[in-house]
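To keep things clear, I will list the structure first and then write my remarks on it.
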Amino acid sequence: MTEQARIGLIGLGTMGAALALNIAEKGFAIAVWNRTTAVTHQFKADAGALSDRVIPTESLADLVAAIAKPRTIILMVPAGQAVDDQIAALAPLLDADDLIVDAGNANFHDTNRRNAAGLPVRFLGMGVSGGEEGARHGPSIMGGGARADWDRIADILTAISAKAEDGSACATWMGEAGAGHFVKTVHNGIEYADMQMIAEVYGVMRDGLGMDATAIAATFGRWNEGPLKSYLIEISAAVAAATDPLTGKPMLDVILDAAGQKGTGRWTAIEAQHLSAPVPVIEAAVAARNLSARRAERQAGEAVFGPAPKAVTGLPLDALEHALIAGKILCYAQGFAMIDGAAHDFGWAMPLPDIARVWRAGCIIRSSMLNDMAAALTEDAGRNLILAPAFADRLKVSVPALRQVVAAGALNGLALPALSAGLAWFDMARTARGTANMIQGQRDFFGAHGFDRLDGADRHHGPWGAH
Ligand code: 6PG
């Protein structure tokens, strides 16, 4: 061994191996350890020109000895108990100022708990987005924990992260404790919502307009050159364009219509409820995944009620593009407001403009629109995104199309849960005099809960009488 490693990494699965190579490529010597020693040696053997910077180790003690002090060790192990087990095994071997970084998809409550547990070492929780490709060539990194601990390894994280078009690094400290994993969770909720809205529009094209996969691929491809330019639209075009080697049919026509999930999108919906933060587009997307997985129930439903008419006439593709633009703005407005809510509840920094910036490259939800969102949040981070003039103007243009698409869906039996939820949220959010006065009347009627009055008069109960 010629030098001590600047950093260590545990867990050479797909993501861990890709991240370790990325770190080595950026010039940092890295010590690695995997539960199965053969995997560790194979990793070094496969590292090619980077193998000089890879130090394979066969025990945790060897790993710790291979890293320069104060040590930093990244955990890339499955979220949950495996992280606790790894911390328990590692901590006795470390010094108090050594740093463990959990870079898995942790539930931020676990990260909060680990921070609060008074671990004998320093601890950072780091959300990493971008899949294997991102981990290898530039992920989006959302850090949480003590600022000083983030600063200690910021040079590495900056070097390995994705770079936005303006060259800035997509790696930012989000706040104390679980803040980084919280932001990653909301990222995934938005990821679910973006994907669901694209799937809904795909459904309108396929079932409403009778378009084939090739025409749908071309449409997504065209949209990817406009305001919707994003990784998810780009890959949707590629998915629609692909042909099944087994049957020669479009891939989309052979893939089962039941979505899987590992749960992080669901966490967003759950946390939104705890925070009283309305994120109905994300909630609808989570519910839609759950319903998609209940295929037998859906088949029984179609057997009883018959297929919906579905065919739509007079709906231009432009309207679908604008519906997606509006839906996306509404969904992100909800997501950023939810993060703002968490900043207040948990006392976290949560720099909203930086969060938009960190999502501009490397992550699954990267899109050109995030540039404008970052600009709008820089003007005023406390204002809902839909009220920022640049986005209010876009919504004024695009919401009529969203209305047209949602109406066509409702009339013809095309399920558009996320787009509909976005529109309903928008219509509430732009209505000064709502309908909750009825709810307050009902609450007072059956429970004497009281209400406030518009005229400010000092009478807070109704004349309901006996019923
Ligand atoms: C990312 C993704 C990733 C996530 C997958 C699958 O940012 O790289 O969010 O972390 O695990 O997208 O998630 P589901 O299995 O829940 O769809």
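Both counts, for ligands and for their atoms, begin at 1 and track the order of listing.
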Decide whether His137 and Glu25 meet the rule of one side-chain donor and one side-chain acceptor closer than 3.5 Å.
no
By number and element, which atoms of ligand 1 are closer than 4.0 Å to a non-hydrogen atom of Tyr192?
14 (P), 16 (O), 17 (O)
The atoms of ligand 1 lying under 4.0 Å from a heavy atom of His187, numbered in the order shown, are 7 (O)
In terms of the angle between their ring planes, are Phe346 and Trp348 parallel, tilted or perpendicular, with boundaries placed at 30° and 60°?
parallel
Any idea which atoms of ligand 1 are less than 4.0 Å away from a heavy-atom of Ser129?
1 (C), 7 (O), 8 (O)
heavy-atom search around atom 11 (O) of ligand 1 in the protein gives Asn105 ND2, 3.4 Å
Just to confirm my output: which protein heavy-atom neighbour is closest to atom 8 (O) of ligand 1, and how far is it?
Gly130 N, 2.9 Å
Who's the nearest protein heavy-atom neighbour of atom 12 (O) of ligand 1, and how far?
Glu191 OE2, 2.6 Å
One thing to verify: whether Arg403 and Asp427 come together as a salt bridge, which I'm taking to mean a side-chain N less than 4.0 angstrom from a carboxylate O.
yes
Within-4.5 Å side-chain heavy-atom neighbours: Val286 and Glu283:
no
Could you name the option among Arg366, Arg289, Lys262, Gln261 that has the heavy atom nearest to atom 17 (O) of ligand 1?
Arg289
Do other residues, nucleotides or ligands put more than 12 heavy atoms under 6.0 Å from the CZ atom of Arg383?
yes
Nearest heavy-atom approach of Met251 to Asp244 is SD-CA, 3.3 Å
Which of the atoms of ligand 1 are close to Asn188, meaning less than 4.0 Å from one of its heavy atoms?
4 (C), 7 (O), 9 (O), 10 (O)
With a cut-off of 4.0 Å, which atoms of ligand 1 are near a heavy atom of Ile364?
1 (C), 2 (C), 7 (O), 8 (O)
Heavy-atom donor-acceptor pair, Arg360 side chain to Glu165 backbone, under 3.5 Å:
no
Atom CG of Asp380 and atom CG of Leu385: how far apart are they, to the nearest 0.5 Å?
10.5 Å
Tell me whether Thr264 has any N or O atom under 3.5 angstrom from an N or O of ligand 1.
no
Sub-4.0 Å heavy-atom contact, Cys363 with ligand 1
no
